[in-house]
Amino acid sequence: MDLSTKSFTLPDELWLKIFGYLSTTTICKVVPKVCKQWYFISNDKELWRNVKIPRTDHRLTRNSFQKLFSEKNIHSVTSFSVDGQSQFTDDMLKILISANPNLTKLSLHKCYKISSNGIKLISDLTNLHSLSISIRYDDDDDDLHSLDDAEDSLLYISERLSLLTHLSIHGLGFITGMSGKTCLAISHLQNLSHLELINVEFNETSFVEMCSNLQNVKQLIIYRPFSLNNRELYSIKFKNLSYLALSNLAVSADDALAMLLDNNSNLHFLKIMNSKIHGKFIHHNHNLKTLELIGCDHLDENFYKYFENNTGLNELNVTINANCKFNVSFKDIDRLKVFLLPFIRQDPSNFKKYEFLKSENLVELQIGIGEVYLQKNCIEIVFATCKSLLKFFIRGIDFSQSKRLKLLKNQSIREFSANWVKNVDRCVVIKLAKALPNVCSLEFLFIDCLTVQMLQIFHDHCKFLRNISSDASLKTHNAIC
């Protein structure tokens, strides 16, 4: 900005919008010192309706937090979010709630020092609509709550937060052995429409009862690092459930999933991660619009045959193992996203067999798993074949003999990412830059031979380029853009 010509002058409304993306500490300590206009804007009540303290803000202390609310006289916060702040304590939460009793959204993610008594303070926020909280317990540490205390606290606040519609509970260090109190606490929230449970194990009977009591839930997310049993899957039945995300399902969970889909006919979005399922459940719901099967690489003939005819799906995100014997184009799906797990040293002649590469609906393609290096011919095939591809991510490729690399121009690719790449030189970079004329975003990770000068080549050739990220010789390189 040229301060002498005041070319930075903008209306207050635009500055408010811009400052809304800054951290709370920056708004307090940096913005007011620039000029009078910014000083007054930094005290605007509208700016303080949504307060975010990211994990990167290491200057947060009790004194600075108390000073923030006393000096700024902040009493208009409706949304407060703090992430990864181990120094955020019960006292600081009390200061926040006392100054802003009308909070409607509160997120305390990975705040290790919040005790069971601190959690109970949240019950004073009677207008709260959205709560995200991380629970960490230790029976041997007096500074933390025991598991029983943690459940009692959740039960206490659930009885007083009748307006809550969004609830997210994250277990810090995996919570096991919970009694039925947590499920009972959640069951009290009759207006709940969004429920997210991460790393939390439930008593099976209590889980079934909870599902039967929460008929207004529309979005349900359950992630945890071991298998959900089939009985729990059978019990998931909600009248209005439209979005469901699960992970780490038990082996042979297809029958349970089939029953789940039959029980939830309004389901439009289904996401399953890291599960050894075969895919035959797919025949049991024709209302699905989006299906994501990420890390589910045991899909069999039943799954692939289903897509030979029109399925009604708008979007499919699927992991395909390279040794799969069934080839299908997925031509009737509007948007196709594929994560292809290759053989070690994938034979390019086999790579050409995949019919989905020719599909006009293929918008996103990921190949590789890192440290398993493909031959450069594979990327040549993608550039030449995939004419509608918007995002292309490749993990593990060897650019040996770069002079023989032949990359046709691909006008469609807007985002390109390459990780775990061998033998990158100036010749490879120039050919990539010329083959990606319309790319907007580039990412290069775990490529030690990449230099700033090579990155500049992309800037010179790609006129729409807005962002380059690399950890080779610099962490995040945006300066050249």
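Both backbone and side-chain heavy atoms feed into the values below; hydrogens, waters and symmetry mates do not.
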Peer 1: Apply side-chain contact (heavy atoms from CB on, under 4.5 Å) to residues Leu389 and Phe383 and explain how you reach the verdict.
Peer 2: CA-CA 9 Å; Leu389 195 63; Phe383 272 68; over 6 Å; no
Peer 1: Among residues two or more places apart or on two chains, list those pairs meeting side-chain hydrogen bond (donor to acceptor under 3.5 Å, both in side chains) that have a residue in residues 424-438.
Peer 2: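 Every pair satisfying side-chain hydrogen bond (donor to acceptor under 3.5 Å, both in side chains) with a residue in residues 424-438: Ser402-Asp425, Gln411-Asn438.
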Peer 1: Between Phe444 and Phe458, does the ring centre distance come in under 6.0 Å?
Peer 2: yes
Peer 1: Report yes or no: do Glu315 and Thr290 form a side-chain donor-acceptor pair below 3.5 Å?
Peer 2: no
Peer 1: Does the Asn264 side chain pair with the main chain of Leu241, one donor and one acceptor, at a distance under 3.5 Å?
Peer 2: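 No; judged by distance alone, with no hydrogens or angles, the pair does not exist.
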Peer 1: Which residues pass the salt bridge (Lys or Arg N to Asp or Glu O under 4.0 Å) test with Glu196, not counting sequence neighbours?
Peer 2: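 For Glu196 there are no salt bridge (Lys or Arg N to Asp or Glu O under 4.0 Å) partners, ignoring immediate neighbours.
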Peer 1: Which atom pair, heavy atoms only, marks the closest approach of Phe416 to Val439?
Peer 2: N-CG2, 4.1 Å
Peer 1: Can you name the residues that form a side chain to side chain donor-acceptor pair (under 3.5 Å) with Ser412, not counting sequence neighbours?
Peer 2: Asn410
Peer 1: Side chains of Asn266 and Asn287: do they bring a donor and an acceptor to under 3.5 Å?
Peer 2: no
Peer 1: Can you list everything that forms a side chain to side chain donor-acceptor pair (under 3.5 Å) with Asn274? Sequence neighbours excluded, please.
Peer 2: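 Result, side chain to side chain donor-acceptor pair (under 3.5 Å) vs Asn274: none returned.
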Peer 1: At what distance, to the nearest 0.5 angstrom, does OG of Ser469 lie from CG of Leu442?
Peer 2: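 Rounded to the nearest 0.5 Å, the OG-CG separation comes to 9.0 Å.
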Peer 1: The criterion is salt bridge (Lys or Arg N to Asp or Glu O under 4.0 Å); which residues satisfy it with Asp334, sequence neighbours excluded?
Peer 2: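 So Asp334 forms no salt bridge (Lys or Arg N to Asp or Glu O under 4.0 Å) with any residue.
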Peer 1: Can you list the residues that meet the side chain to side chain donor-acceptor pair (under 3.5 Å) rule with Asn361, with sequence neighbours excluded?
Peer 2: none
